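Predicted model, so just to flag it, every value in this text is computed and none were measured. The basis for the numbers below is simple: all heavy atoms, side chains too, and nothing from hydrogens, waters or symmetry mates. When a ligand or atom number is given, it counts from 1 through the structure's own listing order.
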Amino acid sequence: MTDFDLVPAPETTAVEIADAYGHLIGGAWTSPSGNRMSSINPANEEVLTEFSVAGADEVSAAVGAAREAFKSWSVLPGRERGKFLFAIARRIQERARELAILETMDGGKPIKESRDVDIPEAAKHFFYYAGWADKLRFAFPGREVGAVGVAGQIIPWNFPLLMAAWKVAPALAAGNTVVLKPAETTSLTALRLGEIAQEVGLPPGVLNIVTGAGETGAALVDHPDVDKIAFTGSTVVGKAIAKSVAGTGKRLTLELGGKSPHIIFADAAIDEAVEGIVQGIFFNQGHVCCAGSRLFVEESILEVITEKLHRRIQTIRVGDPLDKNTDLGAINSKEQWEIIQGFLKTGAEEGATLHSPSKGEVPKRGYWVPPCFFTGVEPAHTIAREEIFGPVLSVMTFRTPSEAIERANNTPYGLAAGVWTDKGAKALEMAHQLKAGVVWLNSYNRLDAASPFGGYKESGFGREGGRQGILPYLKVDG
Ligand code: NAI
Ligand code: MG
């Protein structure tokens, strides 16, 4: 393999970022409040801007604005609502470069991912659900279809604009109004979405955005005038939300963590499989709820797979997320970096063997974890059971398909799985028996606005994307 360096290819940072931001409530921006939190660029630890922390009063004002706007938005003809969603999608496309740069600066993900995945996919979700807005009654022939009401939506930091799009687009298409609470480390692009909503003339109060951390989220969950809560994030917080919503009559969908398995058979196209596995865990620093973090290898090919993985992680470029050649960017926050370091330590202490790039150089400032994997992992090891949410893969083996199924399903999660084999019948049989919301065959992390995504067991419930993704936002009578 040739050892060469690429010259730096940095994306511009010429984007406007204010010193501080307020909330979007009832179509107007509030002045930045006294109570603020800093947003750090995790690639250099510099403060990018400050977000206001919404207290119960501001959350209440946002819910009130959404309630008021619901009166007219919910009865607007679907084709009219659809036009607004189309306009938002177009505007996301027009402002794509700016949004991608902001996503990368605020969250640490490589520019090639925010440019090629996050932002175009966010636009696609608005395009896709724009198409549903005037067709809802055809999806349920002979039945009355209406919106649910005010939706409180709480999203994480791993795909900031994309998660906002996943939640906001179906809600608005169905005639609901929204209070969105982005994650505390990555609120910039959600706030830009608020600007876009204003640019396209979305009626005031239809989309409200309040920033803040867990307490702001909890205030939104607990607000009595919210009809539906949609949450994506950690299983711990998801369970707490499920408890506080229980018995209130609020609707709830949860998209939580994962410990998704790959199963690779000896008959698979090995190089393609290794590349898919590499993409499936190192993509976006492993900050992916459906990251393929457990790899089950048919015993006879363990050696070859280990060697190929080892070779491949040497060539993954870690560093400046704004560089167009970077594969693996910065870990989103110091907190997440510490979580990952904890798992790396536990993995070694429990007896697994760590494989990491032999050079392993990372920039001096910022939060970095080079791509790595563990071999000699036992099912009882912490790194085989718990979500790491970092670029860390746990490699295990199996002898028979039924053993592979048993071990892959032996987890409290059930979000996604990958199967790598040349045999169609085997692939279908595995897909049938794997307890996961999505099973990818000879591919991984393939998402589409038209196809539903979501989990089983502790990975949550409800689906996002596709026709299924709009159901939680609809009341269907008769
Ligand atoms: P988190 O669940 O605390 O944060 C997600 C969102 O929930 C953020 O907007 C946060 O402000 C909000 N939130 C926090 N506490 C809340 C509460 N009590 N009520 C309402 N909203 C609340 O996740 P965190 O702490 O950022 O990450 C911890 C771990 O969670 C990660 O290491 C990872 O394993 C997992 N995670 C999974 C995600 C997924 O996509 N499934 C996304 C982010 C984290
Ligand atoms: Mg948290």
Legend entry - Side chain E103, main chain L161, donor-acceptor under 3.5 Å: yes
Inset, instruction - Find all atoms of ligand 1 within a distance of less than 4.0 Å from any non-hydrogen atom belonging to I339, and give their numbers and elements. - result: 32 (O)
Legend entry - Numbered atoms of ligand 1 (with element) below 4.0 Å of E184, judged on heavy atoms: 8 (C), 9 (O), 10 (C), 11 (O)
Inset, instruction - Under 4.0 Å from a heavy atom of F231: give me the atoms of ligand 1 that qualify, with their elements. - result: 2 (O), 6 (C), 7 (O)
Legend entry - Proximal atoms of ligand 1 relative to A218 (non-hydrogen, under 4.0 Å): 19 (N), 20 (C)
Legend entry - Non-hydrogen atom of A213 closer than 4.0 Å to ligand 1: yes
Inset, instruction - Identify which of G214, S234, G212, S244 has a heavy atom lying nearest to atom 2 (O) of ligand 1. - result: S234
Legend entry - SB check R115 E11 (cutoff 4.0 Å): no
Inset, instruction - Between E335 and ligand 1, find which residue part has any heavy-atom pair under 4.0 Å and reply side chain, backbone, both or neither. - result: neither
Legend entry - Side-chain donor or acceptor of N176 paired with backbone N/O of V148 under 3.5 Å: yes
Inset, instruction - Find all atoms of ligand 1 within a distance of less than 4.0 Å from any non-hydrogen atom belonging to G217, and give their numbers and elements. - result: 19 (N), 20 (C), 21 (N)
Legend entry - ligand 1 contact by W157, heavy-atom criterion under 4.0 angstrom: yes
Inset, instruction - Indicate, as side chain, backbone, both or neither, the part of V288 found under 4.0 angstrom from ligand 1 when only non-hydrogen atoms are considered. - result: neither
Inset, instruction - Report yes or no: is the cationic atom of K109 (NZ for Lys, CZ for Arg) closer than 6.0 Å to the six-membered ring centre of F159, at no more than 45° off its axis? - result: yes
Legend entry - Salt-bridge contact E184-K181 (side-chain N to carboxylate O under 4.0 Å): yes
Legend entry - ring-ring contact (aromatic ring centres under 6.0 Å, His included) contacts touching residues 163-187 (sequence neighbours left out): H125-W166, W166-F453
Legend entry - Check: T326 side chain, D320 main-chain N or O, donor-acceptor pair, under 3.5 Å: yes
Inset, instruction - For K345, look at atom NZ and say whether over 12 heavy atoms of other residues, nucleotides or ligands are found less than 6.0 Å away. - result: no
Legend entry - Close N or O approach (E387, ligand 1; < 3.5 Å): yes
Inset, instruction - Determine whether the side chain, the backbone, both or neither of T216 has a heavy atom under 4.0 Å from any heavy atom of ligand 1. - result: neither
Legend entry - I155 N/O to ligand 1 N/O under 3.5 Å: yes
Inset, instruction - Determine which pairs satisfy ring-ring contact (aromatic ring centres under 6.0 Å, His included) with at least one residue from residues 17-54, sequence neighbours left out, and list them in order. - result: none
Inset, instruction - Check the angle between the aromatic planes of W420 and H262 and answer parallel, tilted or perpendicular using the 30° and 60° thresholds. - result: tilted
Inset, instruction - Give the atoms of ligand 1, by number and element, whose distance to some non-hydrogen atom of P156 is under 4.0 Å. - result: 42 (C), 43 (C)
Legend entry - Short side-chain donor-acceptor distance under 3.5 Å, K228 and T253: yes
Inset, instruction - Using a strict 4.0 Å cut-off to heavy atoms of I154, name the atoms of ligand 1 that fall inside it. - result: 6 (C), 7 (O), 9 (O), 12 (C), 20 (C), 21 (N)
Legend entry - Atoms in ligand 1 flagged as close to A183, the criterion being non-hydrogen separation under 4.0 Å: 9 (O)
Inset, instruction - Report the part of Q336 (side chain from C-beta onward, or backbone N, CA, C, O) that has a heavy atom under 4.0 Å from ligand 1; answer both or neither where that applies. - result: side chain
Inset, instruction - Give yes or no for whether the N/O distance cutoff of 3.5 Å, strictly under, is met between L256 and ligand 1. - result: yes
